[in-house]
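When a ligand or atom number is given, it counts from 1 through the structure's own listing order.
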Amino acid sequence: MVDFTLTDEQKDLRELAHNFAEKEIRPVAWDYDRDGTWPQEIIEKAWEVGLMNTHIPTEYGGPGLDYLAGCLIEEEMGWGCSGIGTSLMCNGLATAPIVIGGSEETKRKYLGMLAEEPKLASFCLTEPDAGSDVSGMRTTAVKMGDQYVINGSKCFITNGGYADFYTVYAKTDKEAGHKGISAFVVDRNLDGVTVDKKEDKLGQRASNTATISFNDVAIPAENMLGEENHGFKLAMMTLDRTRPGVAAMAVGIARAAFEFATDYSKERVQFGVPIAMHQAIQFMIADMATKIEAARLLVWQSGALLDQGKRNTLASSHAKRFSADTAMEVTTDAVQIYGGYGFIKEYPVEKLMRDAKIMQLYEGTSQIQRLVIAREVLMPRRAAEPAAA
Ligand code: CAA
């Protein structure tokens, strides 16, 4: 039976996240955006109340929440400020490959580290010449005795400048394309790890985006995640698990813009009536509302499938693609409803429009999501496979 009613526990969690976003994030969000402030204090508070590391299993000290619960939290964080929300949620992306492929010892050490203290981790996949085309990466990991030596550079790394460790993808067989990639955990304090560049971004300016370089970085062989040369699939399985949360954050951005725009439309008077009385505005508001509802349903479905142990590749890309595009369209329409004021920084919606843009880019562009959807539709075998396949 299909039932979209949240349990009392889910409602409480959503309320906790919403209150946190309202009290701790919203009051500073526009200042942090303007100044590009790193939200250290908010990270510490979120960690304290249990809103970070939601997917770390209880046996490693985490709350062990399910994916749908994670999506409920991420929508509220996106509603508060998606830049700060991205900083809070990035540990989920970095740790998913550890949860899926890490040895018991690796899980205890690295998941335990994040559960014990408000520390951070980053996911190092993208390179200057390998964005959408993951297989084109050039970073290498060469086995030397009981170590791997990593060389290469990763860009657009969320929280990269503040992370205590990285999950890094590297070629262990340069000739084997996607079948020659392996994943590793790399400690930040090792010799040869450098944070090269903090990006100055259009939106999500309170999040940290850095370039991380690895120059002859030697790591113990046991820091490999999963099997050698199986890293590509680990990355794809990770993104299946994290795209629902990113999509939820996009819904949060859209919802925030929608609320500002509807409130404004009731106050702003033109031609003798509030602009909400004009059908031109009403139809925009109606379309915004429908898109947000539809996006949320796709998000919940993509999270719920994971919680049922099913492979959610198709649902995850539907959710990510539709929610990201919805965030962009709804925030653009919110600026339109504000008219000229929408273009001015004194008003809230231009930030949301800038923030929304990254949703169509990171964790797989909207074009890559369409590519995945087309492949999954044409080869439906994948939808039937279990999540851990
Ligand atoms: N789960 C498990 N296995 C999968 C899979 C999945 N979801 N998707 C693909 N595979 C398997 C395939 O079955 C295939 O297996 P075999 O070798 O056994 O046949 C193998 O992986 C290769 O698959 P493809 O042929 O589909 O691979 P491709 O090279 O054509 O790439 C792609 C597919 C979808 C384009 C992929 O490269 C991709 O998702 N690119 C986007 C990457 C991305 O999202 N980057 C963002 C990085 S995270 C970020 O944004 C950083 C941040 O800090 C926020």
Return yes or no for this condition: an N or O of [X] is under 3.5 Å from an N or O of ligand 1.
X    : answer
I157 : no
K179 : yes
T158 : yes
R311 : yes

Pairwise side chain to side chain donor-acceptor pair (under 3.5 Å) hits with a residue in residues 332-341, at least two apart: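 Sorted result for residues 332-341: empty, none.
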
Any side chain to side chain donor-acceptor pair (under 3.5 Å) involving residues 155-169? Give me the pairs, sequence neighbours left out, ordered by first then second residue. none

Select one of side chain, backbone, both or neither to describe which atoms of [X] lie under 4.0 Å from any atom of ligand 1, heavy atoms only.
X    : result
V372 : side chain
S135 : side chain
F232 : side chain
L371 : side chain

Taking the six-membered ring for Trp, are the ring centroids of F156 and Y362 within less than 6.0 Å of each other? no

Side chains of W47 and E117, donor plus acceptor under 3.5 Å: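 No pair is found: no donor N or O on one side chain lies under 3.5 Å from an acceptor on the other.
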
In terms of side-chain heavy atoms, does T172 have a donor or acceptor partner in E228 at a distance below 3.5 Å? no

Near [X], which atoms of ligand 1 are under 4.0 Å from a heavy atom of that residue?
X    : result
I368 : 35 (C), 39 (O), 40 (N), 41 (C)
Y362 : 50 (O), 54 (C)
T126 : 47 (C)
R375 : 24 (P), 25 (O), 26 (O), 27 (O), 28 (P), 30 (O), 33 (C)
G364 : 43 (C), 44 (O), 46 (C)
L239 : 43 (C), 44 (O)
M237 : 1 (N), 2 (C)
R243 : 39 (O), 43 (C), 44 (O)

Can you tell if the side chain of E350 reaches within under 4.5 Å of the side chain of I344, non-hydrogen atoms only? no

Side-chain touch D129/M137, heavy atoms, less than 4.5 angstrom: no

Relative to the ring of F232, is the ring of H178 parallel (under 30°), tilted (30 to 60°) or perpendicular (over 60°)?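 Ring orientation of H178 relative to F232: tilted.
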
Taking all non-hydrogen atoms of both residues, which atom of K201 and which atom of S207 are closest, and how far apart?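 Here K201 and S207 meet closest at NZ-O, 2.7 Å.
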
Of all the heavy-atom pairs spanning Q301 and A315, show the shortest one and how long it is. NE2-CB, 4.1 Å

Give a yes/no verdict on whether any heavy atom in K320 is under 4.0 Å from an atom of ligand 1.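 Contact check K320 vs ligand 1: negative.
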
Run down the list H178, M89, E376, Q367 and name the one with the heavy atom closest to atom 17 (O) of ligand 1. H178

Could you check M288, M353, K351 and say which one makes a side-chain contact (heavy atoms from CB on, under 4.5 Å) with T331? M353

